Amino acid sequence: MEQYESAAYRELQARLAAAVRHLREEKGWTQEEAAHRCGMTTRLLQRVEGEDVNLTFTTLARICEGLEVDVVELFQLRR
């Protein structure tokens, strides 16, 4: 789909992936532990970190809760 090819979409996806990876590594968590804390499968977390998923707001909220971060702060983190 065309909207998934836009620069804005790709930038948001890349920023989210980098932020999730950074926060997980900063906490010293494996992907398995982070996924458990976020209430999702390890595979889904891997897809988030790999920029290979279009998230719902529900999943975004789970990530924020699990990583103990506000959504605004999550997207402000730099790669």
Side-chain angles (χ1 to χ4, degrees):
M1 294 191 155
E2 191 175 309
Q3 68 266 27
Y4 301 132
E5 302 299 324
S6 75
Y9 176 83
R10 299 295 300 157
E11 174 63 20
L12 283 171
Q13 198 174 41
R15 288 179 75 170
L16 176 65
V20 168
R21 190 176 316 105
H22 170 80
L23 289 170
R24 178 182 61 76
E25 290 174 349
E26 189 176 74
K27 293 175 182 293
W29 295 346
T30 63
Q31 287 181 325
E32 291 80 9
E33 182 175 0
H36 175 74
R37 290 175 180 260
C38 293
M40 64 180 60
T41 65
T42 302
R43 181 65 188 127
L44 180 54
L45 183 72
Q46 290 170 336
R47 291 182 67 207
V48 170
E49 289 189 6
E51 301 176 33
D52 187 37
V53 68
N54 183 23
L55 295 180
T56 64
F57 281 121
T58 302
T59 303
L60 184 58
R62 285 180 180 171
I63 289 171
C64 290
E65 289 175 4
L67 294 176
E68 303 168 335
V69 64
D70 181 80
V71 69
V72 173
E73 183 182 346
L74 183 67
F75 280 100
Q76 287 177 339
L77 291 172
R78 293 290 178 193
R79 294 185 255 175

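These values consider heavy atoms only, across backbone and side chains, with no hydrogens, waters or symmetry-generated copies. Keep in mind the model is a prediction, meaning the values are calculated, not measured.
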[atom2] on [Y] to [atom1] on [X], rounded to 0.5 Å:
X: Trp29; Y: Leu67; atom1: CH2; atom2: CG; value: 6.0 Å
X: Thr59; Y: Leu45; atom1: OG1; atom2: CG; value: 11.0 Å
X: Glu65; Y: Leu60; atom1: CD; atom2: CG; value: 10.0 Å
X: Gln31; Y: Glu25; atom1: CD; atom2: CD; value: 8.5 Å
X: Lys27; Y: His22; atom1: NZ; atom2: NE2; value: 10.0 Å
X: Leu55; Y: Arg62; atom1: CG; atom2: CZ; value: 11.0 Å

Inset, instruction - Test side chain to side chain contact (heavy atoms under 4.5 Å, CB included) on Phe75 and Leu12 and set out the steps. - result: CA-CA 8 Å; Phe75 280 100; Leu12 283 171; 4.0 Å; yes
Legend entry - Candidates Leu23, Val48, Val69, Val71 - the one meeting side-chain contact (heavy atoms from CB on, under 4.5 Å) with Ile63: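 Of Leu23, Val48, Val69, Val71, side-chain contact (heavy atoms from CB on, under 4.5 Å) with Ile63 is met by Val48 alone.
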Legend entry - Least distance between heavy atoms, Tyr9 atom then Val53 atom: OH-O, 3.8 Å
Show me the side-chain donor-acceptor pairs of residues 37-44 shorter than 3.5 Å, one per line, residues at least two apart or across chains.
from, atom 1, to, atom 2, distance (Å)
Arg37, NE, Glu33, OE2, 3.1
Arg37, NH2, Glu33, OE2, 3.0
Thr41, OG1, Leu44, N, 3.1

Legend entry - Heavy-atom donor-acceptor pair, Glu51 side chain to Gln13 backbone, under 3.5 Å: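 Side chain of Glu51 to backbone of Gln13: no pair is present.
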